Amino acid sequence: MAEKKPIKITETILRDAHQSLIATRMPTDMMLPIIEKMDKVGYNSVECWGGATFDASLRFLKEDPWERLRKLREGFKNTKLQMLFRGQNILGYRPYADDVVYAFVEKSIANGMDVIRIFDCLNDLRNLQAAVDATNKIKVQEGRGESQIALSYTLGDAYTLDYWAKMAKDIEEMGADSICIKDMAGLLTPYKAEELVKTLKSNTKLPIQLHTHYTSGVASMTYLKAVEAGVDIIDCAMSPFALGTSQPATEVMVETFKGTEYDTGFDQNLLAEIADYFRPYREECIASGLLNPKVLGVNIKTLLYQVPGGMLSNMVSQLKEQGAEDKYQEVLEEIPRVRKDCGEPPLVTPSSQIVGTQAIFNVLMGERYKMATGEFKDLLRGNYGQTVKPMDQAVIDKVIPNEPRSTARSAEATGHTEPELESIENEMKQWKQQEEDVLSYALFPQVATDFFKYRMAQQEKVDLSVADTKNGAYPV
Ligand code: CO
């Protein structure tokens with residue numbers, strides 16, 4: 001047998017899997033009872049944090065995401081924790097000054113994070129440098145923390161093998177520890193994956209991780225070819241929250257490579273116990289409607305229109321609100337045209353929403369670019385950074401006539417060049433109970449404030465109930 005080269009696995013059930021299938025609603029209490037077992041599997045890392053998990057924790061679950069991170073850190077004694085980070089936007093929707101990026105990275109690692117996967121929706125690497133530098137700084141100081149830069153994978157004239165190869169070299173030069181191919185829409189087909197992995201491997205010494213979604217139905221075959229081509233790590237989800245718009249199933253990939261040079265050595269009995277734990281929760285989510293069986297099938301439109309699964313469902317609900325569901329097909333066809341007009345960016349948060357919403361406007365108004373969203377204008381102004389291809393001049397002239405356009409990285413294009421953490425802290429002082437609260441507020445000002453109010457009410461209630469227990473009174 002050939003030399004052993006066990007494929008490494010990042011488990012996504014605590015982040016992307018439930019984000020993709022149940023709108024990121026898995027509460028911490030659902031996670032904690034099983035993490036001791038998960039810690040024994042031998043995962044390369046467990047992905048457990050990101051923009052949506054952070055936002056949904058505060059907004060819907062009324063949980064402190066930092067508290068979740070600390071609890072997971074406590075339970076995962078042997079396994080690295082991993083998060084997804086939107087470059088200069090951190091976990092939010094606007095670019096932040098570098099001091100906020102540094103503070104967020106520092107607090108994430110201090111609270112237990114290990115691997116920070118950083119991406120930019122335009123693949124403008126300048127928007128990733130601050131986060132990489134911040135991670136490297138902490139790594140030197142604390143001996144912990146890894147930066148991984150993700151290529152937002154997409155299709156289009158500009159996205160040749162040479163383009164990806166150059167990016168890989170640039171990423172290595174930026175000082176990242178590894179590279180991820182982030183295929184958020186499930187566009188990467190098996191033989192394309194083989195080609196891409198081989199190309200990256202021959203252009204960089206950095207480990208390559210592959211992240212894809214099952215949306216178009218090819219994902220496990222894609223992993224097979226990618227592993228044979230030398231990819232180092234694959235992202236998988238435990239079977240109860242795998243497939244559909246989520247990742248390939250962990251157990252299936254483990255079984256696939258059993259007895260080969262890529263054998264993970266994972267214990268299927270242990271994996272079965274973990275799956276048994278999550279299965280009733282899956283059933284519960286289906287029964288309550290939180291998990292819509294529609295997202296579990298194969299959606300081949302994602303390949304035809306290169307639209308990520310999450311973007312499709314967003315689009316359907318936006319059209320429903322407008323009473324314009326009959327325009328679905330027209331909007332679907334408009335999306336690639338809008339994408340071309342604005343420099344053919346990858347479609348991932350936030351460019352996916354920006355392009356999708358503009359496509360809806362174009363169709364519903366009956367005239368293209370009769371109206372444009374603020375975000376679309378910002379994209380044309382260069383406020384998100386540079387796109388790989390030039391934008392359409394006629395569209396620029398119509399949407400932002402005679403306006404200056406920036407060629408700087410996003411933080412500079414939007415004027416976030418001076419430190420801003422202190423002024424953010426001043427804004428929210430009255431709610432601050434820990435340093436991390438300042439960062440929660442920085443990312444989601446309104447949502448965090450609502451959470452802080454809720455937290456205060458809970459704390460007061462707890463005090464009251466303790467005091468009143470003697471009298472047999474229980475405040476509601
Ligand atoms: Co994903």
Side-chain angles (χ1 to χ4, degrees), residues 8-26 43-56 81-87 89-91 93 113 115-123 128 148-155 178-189 192-193 196 208-220 222-223 226 231 233-250 253 291 295-296 298-299 302-303 306-314 345-353 356:
K8 295 175 182 172
I9 291 183
T10 289
E11 174 61 50
T12 68
I13 192 160
L14 303 187
R15 202 284 292 177
D16 203 3
H18 75 105
Q19 178 175 335
S20 300
L21 295 178
I22 55 166
T24 337
R25 295 300 203 282
M26 193 190 291
Y43 290 125
N44 175 70
S45 62
V46 168
E47 192 194 35
C48 59
W49 234 42
T53 42
F54 202 98
D55 187 350
L81 300 181
Q82 181 154 345
M83 74 177 293
L84 187 61
F85 196 103
R86 297 175 189 153
N89 293 4
I90 311 180
L91 307 184
Y93 299 101
M113 192 50 63
V115 184
I116 304 187
R117 175 181 292 171
I118 313 158
F119 76 98
D120 178 66
C121 73
L122 304 183
N123 282 330
L128 306 176
Q148 176 176 79
I149 289 187
L151 317 164
S152 299
Y153 182 76
T154 190
L155 302 171
S178 59
I179 297 177
C180 173
I181 305 166
K182 178 176 161 59
D183 177 23
M184 51 278 166
L187 299 177
L188 190 58
T189 51
K192 291 283 178 205
L196 179 60
I208 310 281
Q209 181 154 5
L210 179 53
H211 174 90
T212 190
H213 287 255
Y214 224 98
T215 325
S216 62
V218 299
S220 52
T222 299
Y223 278 177
V231 90
I233 315 163
I234 50 176
D235 284 8
C236 304
M238 286 301 300
S239 58
F241 283 88
L243 312 185
T245 49
S246 177
Q247 274 78 49
T250 306
M253 297 320 299
L291 174 51
V295 302
L296 296 172
V298 169
N299 189 336
T302 195
L303 288 179
Q306 300 164 24
V307 174
M311 189 176 160
L312 280 176
S313 54
N314 257 348
L347 298 178
V348 62
T349 311
S351 58
S352 49
Q353 288 88 332

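Every number for a ligand or one of its atoms is a count from 1 in the order of the listing. Bear in mind that the values here come from a model prediction, so they are computed numbers and not experimental data.
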K.L.:
Looking at residues at least two apart in the chain, or sitting in another chain, which of them share a side-chain contact (heavy atoms from CB on, under 4.5 Å) with Ile233?
P.N.:
Lys8, Thr10, Asn44, Gln209
K.L.:
Between Ser220 and Tyr214, is any side-chain donor less than 3.5 angstrom from a side-chain acceptor?
P.N.:
yes
K.L.:
At a cut-off of 2.8 Å, what protein N/O/S atoms sit near the Co ion (ligand 1)?
P.N.:
Asp16 OD2, His211 NE2, His213 NE2
K.L.:
Is a donor from one side chain sitting under 3.5 angstrom from an acceptor on the other, for Thr154 and Gln306?
P.N.:
no
K.L.:
Any Lys/Arg nitrogen of Asp235 or Arg117 sitting under 4.0 Å from an Asp/Glu carboxylate oxygen of the other?
P.N.:
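Judged by the 4.0 Å cut-off on N to carboxylate O distance, Asp235 and Arg117 do form a salt bridge.
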K.L.:
Distance from Phe241 atom CZ to Ser246 atom OG, nearest 0.5 Å?
P.N.:
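Reported to 0.5 Å precision, the distance equals 9.0 Å.
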K.L.:
Is a side-chain donor-acceptor pair under 3.5 Å present for Glu47 with Thr12?
P.N.:
no
